[in-house]
Amino acid sequence: MGVLDLFRDGSADGVRDRNASAWLLPLGQDRVNHGLRADARRYDDTDELDAVIVGCGAGGATMLQRLARAGWRVAALDAGPFWDPDRDWVSDEAGSHGLYWTEPRVIAGENPVPLGSNNSGRGVGGSMVHYAGYTPRFHPSDFSTYTNDGVGADWPISYDDLRSYYGLIEGELPVAGQDWPWGDPHRYPHSPHPVGGNGEVFQRGAFALGITAKVGPVAIANGRFGHRPHCIYRGFCLQGCKVNAKASPLITHVPDALAHGAEVRPDSMVTHIEVDGRTRRATGVHYIRDGIEHFQKAAHVVVAGYSIETPRLLLNSASNAFPNGLCNDYDQVGRYLMVQGAPQTGGRFDDEVRMYKAPPPEVSTEDFYETDPSKPYKRGFSIQTVSPLPITWAEHVAGQGHWGHDLRVYMRDYVHWSCLGALCELLPQPENRVTLAEEKDRRGLPVAKFSYTMCDNDKQLIQAARGVMEEILKAAGATEVMTFQRYAHLVGGARMAADERHGVLDADCRSFAVRNLLITDGSVFPTQGSANPALTIMANAARVADRLTTTTSPT
Amino acid sequence: MVKRSSLNGVTPGGHQPRFPGFDVLSQTHMWDPITAGVVLARLGPHDAVRFFTPSEQAIARALLDQLLDQREDPKVPVLEMLDSRLVEESTDGWRYEDLPEDGQAWKQSIGALDKDALDKHPTGFALLAWEQQADIIQAVQDLQSDKWHGMTASRVWSLWTRYACTAYYSHPWAWNEIGFPGPAYPRGYKNATIGGREPFEVADHHQVDPLKQT
Ligand SMILES: Cc1cc2nc3c(=O)[nH]c(=O)nc-3n(C[C@H](O)[C@H](O)[C@H](O)COP(=O)(O)OP(=O)(O)OC[C@H]3O[C@@H](n4cnc5c(N)ncnc54)[C@H](O)[C@@H]3O)c2cc1C
Ligand code: SF4
């Protein structure tokens, strides 16, 4: 490839050689390469695949593309549809309800965490279809919080094990942003986007207080990338990008996987992982497609169904050999589930901010990410712009207690408000977990029950983050501020650990109990940092795929 | 040239002090057809009420009018939108352990509201005067996380306001009221700066700081 081509197709390095997804999408106004999907490989249930993957989101689709590139016979089964952004997605908040996993789930504990639209997606592309698009790296300290600070847990891998994969995935999404000074300082393949009103407010307030704020990092190409067009700055990132500008595995990894012989089998809900009781090896998965039960044989089973559905599937896969649930001999499955404390603070300005006009992810600060010895709490938080659309904003306003006349008055003032969000590193705790509820879904499978209770450190962090956000907005000139409590980003529930008494997976994300069963979604995280998780989920999946394909050969 | 009709520029209650002349529907020709279909359907005829019984319907409508301060026509048909969602079991994908599924929780909670009304007044909730209804609702909110007829009051409150706000603020009339243009594909925005406006956006003509008005 010549230097000119590098400029023209928007790739910073040899991305196309290792992942041609962006070039396999159509040029012009269509968002789907229908021919690629129609001509893709289709396996029979009786074919023994090298690997079957459960869930085609962040962790699953990355595995699919890597294994297909390595010559493995591989299929990803997803419970949801094979999305077509032209036909299935709308530029509208309420109309995007179908993007979320809205099957029944029960929430409990002292601080129950709402799920569905607040947390998890369905269909090919997974939750990244409707994620905001922030893609920061974890900091090196995230991998050893127990050693450093006596809280959380140590990972069985270190930042160095992920470093090169971060770089690869940042190229493949691709990520745009300013040079990043925090954690392991690094640069991004695409330059930062221009910021909208909300981003300007954040920059102004941070500057006044001496807080460093940077534009990015967002997985939205700045300029054309392959056949993907430029962002049109329309603010509907959380409703699925109809433009193909914001990265999700649907457009960043699935096309290349299909071109390398992988199959994506949508509308296929996996109900049970089959294990040979004598050898304690997984033999394949049971799934339901259009009401019909199937069994797909495979030499490896890779689970990537999100931090709620992954533990639920393991618990629903109990058998004589695993009476308490698959891989659950030591009662570790579903435990140490984490969620970030994600308070959002709005500020009112006399000027019109009209925060809906730019992508919600614009500007961040990680100045408060690390443990500050002068504070009573350990670990920290990050702060980012978020730009809620009217329905979500109304929930904030109603959350302040406003209703009736007051609610309408506040809402009529929408164009004057700016909004920041924090991500606080809440600590992993054994009792924060998924178990099976009495209630069954329409297939007769027990649904997940998720219990969550915060510890004191968690509450202090959220309080501190709130204080900083309110200061930033006031420093920018806000005449009134209001903070709304919420949570974001579930990870953990089947964590990596040094041994089977402390977790479900080894450092290669193979389960201790069933050696040919791997997990590669966010469930594997022992801690969560204050970074949004998607980039780390993908980088880790790429690492696991490398480990698997170098230690095991396809059949 | 886009034709204007009585469908254009409608706001709930018919007042538009802040964004005079702003009309989300004047831009429908710029929307992609799939989005236009979904959004414009909200302006069309609604299914007959099926989930609620007639007496529940009356209570629920009064409650929703209160929560959203809808006193005068034209009103966003929030009750009809809620009823459809509950028939379709189109929930948010979770429920609190101590509350039943959303549909049942709605029925249970509006039944409780009627009981509160009958405890104090000769008629049920739906027939009470506006201020009397407001007092009963305020009492539920004031309970915060205490129990109300066996349910955690704050969780019932969250159920009510979540469904009410989702319906109301998905409606183009509500967008006219707040100055939000709605769908933005494939056009996008060109002036996303503080104080920046697109040609079809209307400046706030009557700033009222909500702190000073509520
Ligand atoms: C509103 C919102 C904004 C967010 N913003 C950001 C952000 O800015 N940055 C960021 O990094 N993260 C963000 N996230 C979180 C991020 O999207 C998720 O953490 C990430 O996508 C999770 O990846 P995963 O691989 O664990 O699961 P997913 O990507 O959710 O994939 C799981 C897939 O498995 C499928 N599945 C589940 N169970 C089964 C089964 N039994 N059989 C078959 N298929 C199954 C599901 O349909 C789904 O497609 C956001 C999330 C939300 C809700
Ligand atoms: S703002 Fe840009 S990235 Fe976000 S949905 Fe719109 S076009 Fe896509």
Side-chain angles (χ1 to χ4, degrees), chain A residues 86-87 89-95 97 100-108 112 114-117 120 196-197 200-201 232-236 242-243 348-354 356-358 390-391 394-395 398 401-416 449 479-480, chain B residues 18-19 31-32 34-35 38-39 42 66-69 90-98 101 134 137 141 158 161-162 164-170 174-175 177-198 201 203-204 207-211 213-214:
Chain A
D86 290 317
R87 276 190 331 213
W89 298 349
V90 290
S91 186
D92 177 68
E93 219 182 346
H97 198 73
Y100 310 124
W101 187 284
T102 52
E103 291 195 22
R105 287 166 172 171
V106 179
I107 60 171
L115 300 168
S117 59
S120 48
E200 272 182 61
V201 166
I232 60 170
Y233 304 115
R234 64 183 190 111
F236 281 92
K242 279 183 82 68
V243 177
R348 186 194 192 268
F349 295 83
D350 286 339
D351 287 331
E352 294 179 10
V353 179
R354 296 189 184 257
Y356 56 82
K357 292 218 279 195
I391 293 175
E395 261 190 62
H402 299 301
W403 63 279
H405 176 71
D406 289 359
L407 172 71
R408 291 274 295 278
V409 169
Y410 267 94
M411 286 303 296
R412 278 198 283 269
D413 203 44
Y414 175 61
V415 301
H416 290 278
K449 171 171 152 184
T479 51
E480 184 193 351
Chain B
R18 296 193 63 165
F19 306 95
W31 302 355
D32 71 281
I34 305 289
T35 301
V38 167
V39 172
R42 294 176 194 144
Q66 283 281 345
L67 291 174
L68 295 161
D69 194 35
S90 167
T91 69
D92 285 331
W94 52 274
R95 69 168 174 85
Y96 291 108
E97 186 182 30
D98 63 352
E101 281 299 334
I137 294 171
Q141 190 189 32
S158 133
T161 51
R162 222 172 342 113
C165 289
T166 301
Y168 185 88
Y169 288 104
S170 71
W175 301 340
E177 179 187 9
I178 66 173
F180 171 69
Y185 179 78
R187 183 198 49 210
Y189 293 113
K190 304 243 164 0
N191 301 302
T193 53
I194 295 178
R197 268 186 302 276
E198 316 298 310
E201 289 175 323
D204 187 356
Q207 265 214 48
V208 249
D209 187 333
L211 250 196
Q213 221 209 334
T214 60

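What you see is a predicted model, and the numbers here were worked out from it, not measured in a lab. Within every chain, numbering begins at 1; the chains are lettered A, B, ... in the order of the sequence lines, protein sequences first and strands thereafter.
Interatomic distance, OH of B/Tyr169 versus CD1 of A/Ile391, reported as 10.5 Å (0.5 Å rounding). Note: A/Arg408 CZ to B/Ile178 CD1 = 10.5 Å, rounded to the nearest 0.5 Å. To the nearest 0.5 Å, the span separating CD on B/Glu201 from NZ on A/Lys357 amounts to 3.5 Å. For the atom pair CE of A/Met411 and CG of B/Leu68, the computed distance is 10.5 Å after rounding to the nearest 0.5 Å.
For chain B, the option among A/Gly197, A/Ala108, A/Gly116 with the highest count of heavy-atom pairs below 4.5 Å is A/Gly197. Interface summary for chain A: among B/Phe180, B/Tyr96, B/Tyr168, the most heavy-atom pairs under 4.5 angstrom belong to B/Phe180. Between chain A and the options B/Asp98, B/Thr161, B/Leu67, the largest number of non-hydrogen pairs under 4.5 Å is found for B/Leu67. Most heavy-atom pairs under 4.5 Å with chain A: of the set B/Glu198, B/Lys190, B/Glu177, this distinction falls to B/Glu177.
For chain A, no part of B/Ala164 is nearby; none of its heavy atoms comes within less than 4.5 Å. Neither the backbone nor the side chain of A/Glu93 comes within contact range of chain B, judged by heavy atoms closer than 4.5 Å. Heavy-atom distances place the side chain of A/Arg354, and not its backbone, under 4.5 Å from chain B. At a 4.5 Å heavy-atom cutoff, the contact between B/Ala203 and chain A is made by backbone and side-chain atoms alike. Looking at B/Trp31, neither its backbone nor its side chain comes within 4.5 Å of chain A, counting heavy atoms on both sides.
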Side chain to side chain contact (heavy atoms under 4.5 Å, CB included) assessment of B/Asp204 paired with A/His416: CA-CA 9 Å; B/Asp204 187 356; A/His416 290 278; 2.6 Å; yes
Carefully, step by step, assess A/Thr102 and B/Trp94 under the rule side chain to side chain contact (heavy atoms under 4.5 Å, CB included). CA-CA 7 Å; A/Thr102 52; B/Trp94 52 274; over 6 Å; no
Evaluate the side chain to side chain contact (heavy atoms under 4.5 Å, CB included) criterion for residues B/Cys165 and A/Leu407: first the C-alpha distance (whole Å), next the side-chain angles of each, then the deciding distance (0.1 Å), finally the verdict. CA-CA 10 Å; B/Cys165 289; A/Leu407 172 71; 4.1 Å; yes
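Ionic pairing of B/Arg18 and A/Asp413 is present here: one or more N-O contacts between side-chain nitrogen and carboxylate oxygen are shorter than 4.0 angstrom. Between B/Arg42 and A/Asp92 there is a salt bridge, since at least one side-chain N of the basic residue sits less than 4.0 Å from a carboxylate O of the acidic one. Under the 4.0 Å criterion applied to side-chain N and carboxylate O atoms, B/Arg162 and A/Glu395 are not assigned as salt-bridge partners.
Without hydrogens or angle criteria, A/Glu200 side chain to B/Ile194 main chain gives a donor-acceptor distance under 3.5 Å.
Proximity of A/Lys242 to B/Asp32: side-chain heavy atoms (C-beta onward) are separated by under 4.5 Å at one or more points. Between A/Tyr356 and B/Pro181 there is a side-chain heavy-atom pair separated by less than 4.5 Å. Using a 4.5 Å heavy-atom cutoff, the side chains of B/Arg187 and A/Arg234 are not in contact. Side-chain atoms of B/Phe19 and A/Val415, non-hydrogen and from C-beta on, do get closer than 4.5 Å to each other. The side-chain heavy atoms of B/Ser90 and A/His97, taken from C-beta on, include a pair separated by under 4.5 Å.
Annotation: A/Phe236 is not in aromatic contact with B/Tyr185 [ring centroid separation under 6.0 Å not met].
Annotation: side-chain hydrogen bond (donor to acceptor under 3.5 Å, both in side chains) contacts of B/Ser170 (sequence neighbours excluded): none. Taking the side-chain hydrogen bond (donor to acceptor under 3.5 Å, both in side chains) definition, one finds that B/Gln141 meets it with A/Trp403, B/Gln138, sequence neighbours left out.
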